[in-house]
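Computed from a predicted structure; not experimentally measured. Residues: numbered from 1 along the sequence shown.
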Amino acid sequence: MGGMGGNMANIMRQAQKMQKEVQSATEELNKTEYTGSSVDDFVTVKVTGEKKIADLTISEKIIDPDDPDTLQDMLIDALNNAFDAVDKDKQAKLGKYTNGLM
């Protein structure tokens with residue numbers, strides 16, 4: 001029975017180590033800024049790893065009061081590109097911990 005206790009303690013240490021690594025990687029990702037842009041960079045957006053908008057730039061060239069749909073489409077495109085970058089980086093950095101858990 002003594003061997004079982006040692007194995008369990010070892011498993012617990014490994015789990016705690018992995019938890020700290022995941023927490024550290026998550027904190028790093030949350031602080032990172034990701035940039036997304038629309039076609040020809042008419043709209044550029046920066047978001048944090050928490051998917052909060054940090055900055056938004058709209059080129060004057062794309063602002064047309066008679067065509068708000070184009071600006072809306074470019075905003076959506078830029079935001080989606082930035083959020084995709086967040087998701088891709090999170091998968092790259094946290095996937096080794098979460099693969100098979102979901």
Asks: Keeping Ser37 on the side-chain end and Ala78 on the backbone end, is there a donor-acceptor pair under 3.5 Å?
Replies: no
Asks: Nearest 0.5 angstrom please: Thr48 OG1 to Tyr34 OH, how far?
Replies: 9.0 Å
Asks: Applying the side-chain contact (heavy atoms from CB on, under 4.5 Å) criterion to Lys90, which one of Thr32, Thr26, Asn30 satisfies it?
Replies: Asn30
Asks: Identify which one of Thr57, Leu79, Asp77, Ile58 satisfies the side-chain contact (heavy atoms from CB on, under 4.5 Å) criterion when paired with Val45.
Replies: Leu79
Asks: Give, for atom CD1 of Ile63 and atom OG1 of Thr70, the distance between the pair rounded to the nearest 0.5 Å.
Replies: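 It is 12.5 Å, given to the nearest 0.5 Å.
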Asks: Identify the heavy atoms of Leu94 and Ala25 that sit nearest to each other, and give their distance.
Replies: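 For Leu94 and Ala25, the tightest heavy-atom pair comes out as CD2-CB, 3.6 Å.
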Asks: Rounded to the nearest 0.5 Å, how far apart are CG of Asp69 and CG of Asp64?
Replies: 10.5 Å
Asks: Looking at Glu33, I want to see if its CD is surrounded by more than 12 non-hydrogen atoms of other residues, nucleotides or ligands under 6.0 Å.
Replies: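 Counting neighbours around CD of Glu33, more than 12 heavy atoms of other residues, nucleotides or ligands fall under 6.0 Å, so yes.
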Asks: Among all residues two or more places apart in sequence or in another chain, which pass the salt bridge (Lys or Arg N to Asp or Glu O under 4.0 Å) test with Asp41?
Replies: none
Asks: Taking CG in Leu56 as the centre, count heavy atoms belonging to other residues, nucleotides or ligands within less than 6.0 Å. Is the count above 12?
Replies: yes
Asks: Main chain of Phe42, side chain of Asp40: is a donor-acceptor contact present, judged purely on distance under 3.5 Å?
Replies: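 Looks like no, no N/O pair under 3.5 Å.
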Asks: Under 4.0 Å between a side-chain nitrogen and a carboxylate oxygen: does that hold for Lys51 and Asp87?
Replies: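 A salt bridge links Lys51 with Asp87.
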Asks: Going by the rule side-chain hydrogen bond (donor to acceptor under 3.5 Å, both in side chains), which residues pair with Asp73 if we only count those two or more places apart in sequence or in a different chain?
Replies: none
Asks: If you draw a 6.0 Å radius around NZ in Lys93, do more than 12 non-hydrogen atoms from other residues or ligands fall strictly inside?
Replies: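 Above 12, so yes.
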Asks: Determine whether Ile11 and Gln16 make a side-chain contact, defined as any pair of heavy atoms from C-beta on separated by less than 4.5 Å.
Replies: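 Side-chain contact under 4.5 Å: no.
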Asks: Return the NZ to CG distance between Lys31 and Leu29, rounded to the nearest 0.5 Å.
Replies: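 Output value for this atom pair is 11.0 Å.
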Asks: Could you work out, with side-chain hydrogen bond (donor to acceptor under 3.5 Å, both in side chains) as the rule, every residue matching Lys88, not counting sequence neighbours?
Replies: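 In terms of side-chain hydrogen bond (donor to acceptor under 3.5 Å, both in side chains), with neighbours along the sequence ignored, Lys88 is linked to no residue.
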Asks: Just how far is it from atom CE of Met74 to atom OG of Ser59, taken to the nearest 0.5 Å?
Replies: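 Output value for this atom pair is 9.5 Å.
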Asks: Is a side-chain N or O of Asn80 found less than 3.5 angstrom from the main chain of Ile76, in a donor-acceptor match?
Replies: yes
